[in-house]
Amino acid sequence: MDSPTWLEGALRALGDSECAELARTHDWSAGPLGDPTGWPSELRAAVTLCFSTRFPVLVTWGPELTMIYNDGYREMLGSAKHPLAFGASFEVVWAEIWDEIGPLCDEVLATGRAVWRVDMPLLMHRSGYDEETSFTFSYSALRDDDGRVRGVLDIAAETTGHVVAARRLDTISELATRLFAIEGGVQEVVDAAVDELAVSADVAAAEVWVEHGGDDEREVVRGTTGPGPLVAAALLEEVARGRGVVEHGDVRIHPLGALRRDVTGALAVRAAPTRPLDHGNREFQALLASKLGNAIGVTLAHEREVEHLRSVSEVLQHAMLPDPLPPGRWHVHYQPAESSLEVGGDWYDVVPLGDSRWAVVVGDCVGHGLEAATHMGQLRAAARALLLTGHGPAATLDGLDRYAATVPGAEFTTVVCAVVDERTGLLTYSAAGHPFPLVISPDGHRWLRGGRGGLLALRQTTRSEATHVLRSGDALLLYTDGLVERRGESLRTGLERLAEVGAPVVRAAGRGEVGELLSRTMRPGGAPDDIALVLYDVRVEGDVEPVGAGASLGAAAVGEMVGAATGLGLAAAP
């Protein structure tokens, strides 16, 4: 039919566009709107606006809300609804989403007030499949010449791309955050990745395949979001070993990136059916594979680093300990902290001085890790050198004071140093803020409280020594605070436990196992700090004046030791 002058003028700006041609050739008189020459002025204005802009605009009018739209809106109709939607009923065209948008139209028609939605999700069937979409739009009232609301003006923008891209970015971010926070191995990484992908709106199903390890110890780790495999293992292995991305039906298989030569892996993904497998979807899957590959690479590197640190730890701990002692009177035990692979600052040394004389040193540097172990090794070597050159316990600690003052981080170390004459049972000792040595007799125990001074590098005067005569059957116990301290408990309580619980263990246990048994008895749940201890089993020639039995640890003695050890916080466990 011939277009009226006003409609032709409205369409002139569109030229030969598809929707302009539809408007020119449509038989308006045969439809519910009638001849355009009789359209109300506001409808004419809305149609003119629709065809004068490239922004998506839909005009609906009359009882059936007949649709008139421009080329911008045509893109929203997908491949299945256009051109049949032009001049058709709004409700019929969008029947699959009418439960969501119909009430909005009814509200505008009933009240005349506009409604507004941002990123509203709608499941449309516009291109042959149920498609997830999002739209930001406004519905406004259109009135006839009498002021009655007769139609709805829809100005809209599809935001599906923005919404989906933001969601996929969140998925990648959450996946990376979770994977890189895992402290376990490859299996834990694969399990976490599968868990994250199982809840992704963009992934219908996924499977991860990783092979790693040496030639003799290859291990395959596999995980899937479903009850069974997504594709054959042979295909996953083929892609993992360099074939490149493979499409197998509706599944895309990606090699995992950023892996070492001795590690191969693949990620198989079946995309959610509500989004097309377009360029953006393929990029999303590739990023998932890249992040997963990075996480596995980091995990394996961390495992190798842990193994290396464990080896270093063992070497340093071995270097910390003296050469094996001949069987008999000296019994030693070292137990690293339960919660860490790190070496610490606890150490002991037993030094033969000749002529039936032995020196023993037990110490504890502040901190853990390689730095504390380094300080420990330096102080241990310095103490052995001083003792072998004839220095007594107090003179040895004087020398360690001077040495520790030159080594940043070695300050505040606690040390006890003693020399035993096996022929006479004479014990000479000196302590730098260290827990009291304990003498355990067949009929009691005694704390050695003499020869005390402050922590290394904090002394104010020359260090002093004290002596004690050991008798046959006694046991001399030197130890670090990891044996007695517990969280939230005073040092006094820990020392009393050592006397009341530990001393009977020493009396009853065979000497070869006493160290380990004493550690288990004192710290049944494991120790958060290293434990080093030395036990000397006394056997002297001739009769020796017996010492007082059952001496208890008095408040004054505890105060003396706690005051000297304030710098390490020994008064209570950390």
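Note that the structure is a prediction, hence the values are computed from the model and not measured.
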Exercise. Assess whether salt bridge (charged side-chain N to carboxylate O under 4.0 Å, His left out) is satisfied between Glu107 and Arg113, documenting all intermediate values.
Key: CA-CA 8 Å; Glu107 181 179 346; Arg113 293 190 297 269; 5.2 Å; no
Salt bridge flag under 4.0 Å for residues [X] and [Y]:
X	Y	result
Arg282	Glu247	yes
Arg497	Glu489	yes
Glu42	Arg150	no
Arg252	Glu207	no
Asp71	Arg54	no
Arg241	Glu211	yes
Glu237	Arg222	no
Lys81	Glu96	yes

Quiz item: Just by distance, do the side chain of His375 and the backbone of Pro408 share a donor-acceptor pair under 3.5 Å?
Solution: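 Yes.
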Quiz item: Would you call Phe412 and Cys365 a side-chain contact if the rule is heavy atoms closer than 4.5 Å?
Solution: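 Of all side-chain heavy-atom pairs linking Cys365 with Phe412, none is under 4.5 Å.
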Quiz item: Considering only heavy atoms from C-beta outward, does the side chain of Met522 approach that of Leu483 to under 4.5 Å?
Solution: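 Heavy-atom side-chain distance check passes, below 4.5 Å.
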Quiz item: OG of Ser138 to CD1 of Ile155: how many Å apart, nearest 0.5 Å?
Solution: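 Output value for this atom pair is 6.5 Å.
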Self-check item: Separation between OG1 of Thr48 and CZ of Arg44, rounded to the nearest 0.5 Å
Solution: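 Answer rounded to 0.5 Å: 9.0 Å.
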Quiz item: Which heavy atom of Pro32 sits nearest a heavy atom of Thr66, and at what distance?
Solution: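 Distance-wise, the nearest heavy atoms are CG-OG1, 3.2 Å.
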For residues 179-195, run the donor-acceptor check on the side chains, cut-off 3.5 Å, and write out each pair with its distance to 0.1 Å, sequence neighbours left out.
residue	atom	partner	partner atom	Å
Gln187	NE2	Asp191	OD1	2.9
Glu188	OE1	Gly185	N	2.7
Asp195	OD2	Arg178	NH2	3.4

